[in-house]
Amino acid sequence: ASAPMTELARSLENALALEDNRAVFVGNHGSAYARVMDSDTRTTALILRALVAVDPKHPLLTRLARGLLGARERGNYRTTQETSMALLALADFE
């Protein structure tokens with residue numbers, strides 16, 4: 001990968017929390033708008049998609065996919081935004 005893409009991947013990696021065999025994004029949701037329109041699950045999915053594009057063999061991909069699967073409650077994501085982004089990211093990962 002090019003230097004800018006490698007730097008992007010490194011920045012994304014630094015935004016992740018590693019939990020057991022999963023990786024997830026944990027953001028700051030200080031405003032009501034952020035809590036409604038954005039979510040850690042959605043951002044985790046976007047990071048997964050970006051890292052797949054930069055390096056399809058990136059060592060965190062499986063952990064990010066597990067993080068997305070673990071974010072579901074009773075088999076469902078919290079919003080349609082989370083659902084759509086998670087499904088797109090998992091499809092990219094496969």
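Atom set for the values below is all heavy atoms of this structure, side chains included, hydrogens, waters and symmetry mates excluded.
Between L16 and V24 there is no side-chain heavy-atom pair separated by less than 4.5 Å. Using a 4.5 Å heavy-atom cutoff, the side chains of T62 and F93 are in contact.
Taken together through direct or relayed side-chain contacts under 4.5 Å among Ile, Leu, Val, Met, Phe, Trp and Tyr, L69 and L88 form parts of separate hydrophobic clusters. If you chain together hydrophobic residues whose side chains sit under 4.5 Å apart, V52 and L64 fall into the same group. Hydrophobic clustering (ILVMFWY, side-chain heavy atoms < 4.5 Å, transitive): L46 and L60 are in distinct clusters. Taking hydrophobic clusters as Ile, Leu, Val, Met, Phe, Trp and Tyr residues chained together by side-chain heavy-atom distances below 4.5 Å, F25 shares a cluster with V54.
Between A71 and T41, the closest heavy-atom pair is CB-OG1, 3.4 Å. Between A45 and A89, the closest heavy-atom pair is O-CB, 3.3 Å. Smallest separation of non-hydrogen atoms from T44 and A23: CG2-O, 3.9 Å. Taking every heavy atom of both residues into account, S39 and R42 meet most closely at OG-N, 2.9 Å.
At distances below 3.5 Å, at least one donor-acceptor pair connects side-chain atoms of Y77 with backbone N or O atoms of L68. No donor-acceptor pair under 3.5 Å is formed between the side chain of D55 and the backbone N or O of L51. E82 places a side-chain N or O within 3.5 Å of a backbone atom of R78 that can act as its donor or acceptor partner. Between the S84 side chain and the Q81 main chain, a donor and an acceptor come within less than 3.5 Å of each other.
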Check against side-chain contact (heavy atoms from CB on, under 4.5 Å), L12 and L8: CA-CA 6 Å; L12 294 173; L8 170 64; 4.1 Å; yes

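The environment of CG in D20 is sparse: at most 12 heavy-atom neighbours from other residues, nucleotides or ligands sit within 6.0 Å.
Note that CD of E94 is 13.0 Å distant from CG of L61, once rounded to the nearest 0.5 Å.
At a threshold of 4.0 Å, the pair R22-E19 counts as salt-bridged, since one of the basic side-chain nitrogens sits closer than that to a carboxylate oxygen.
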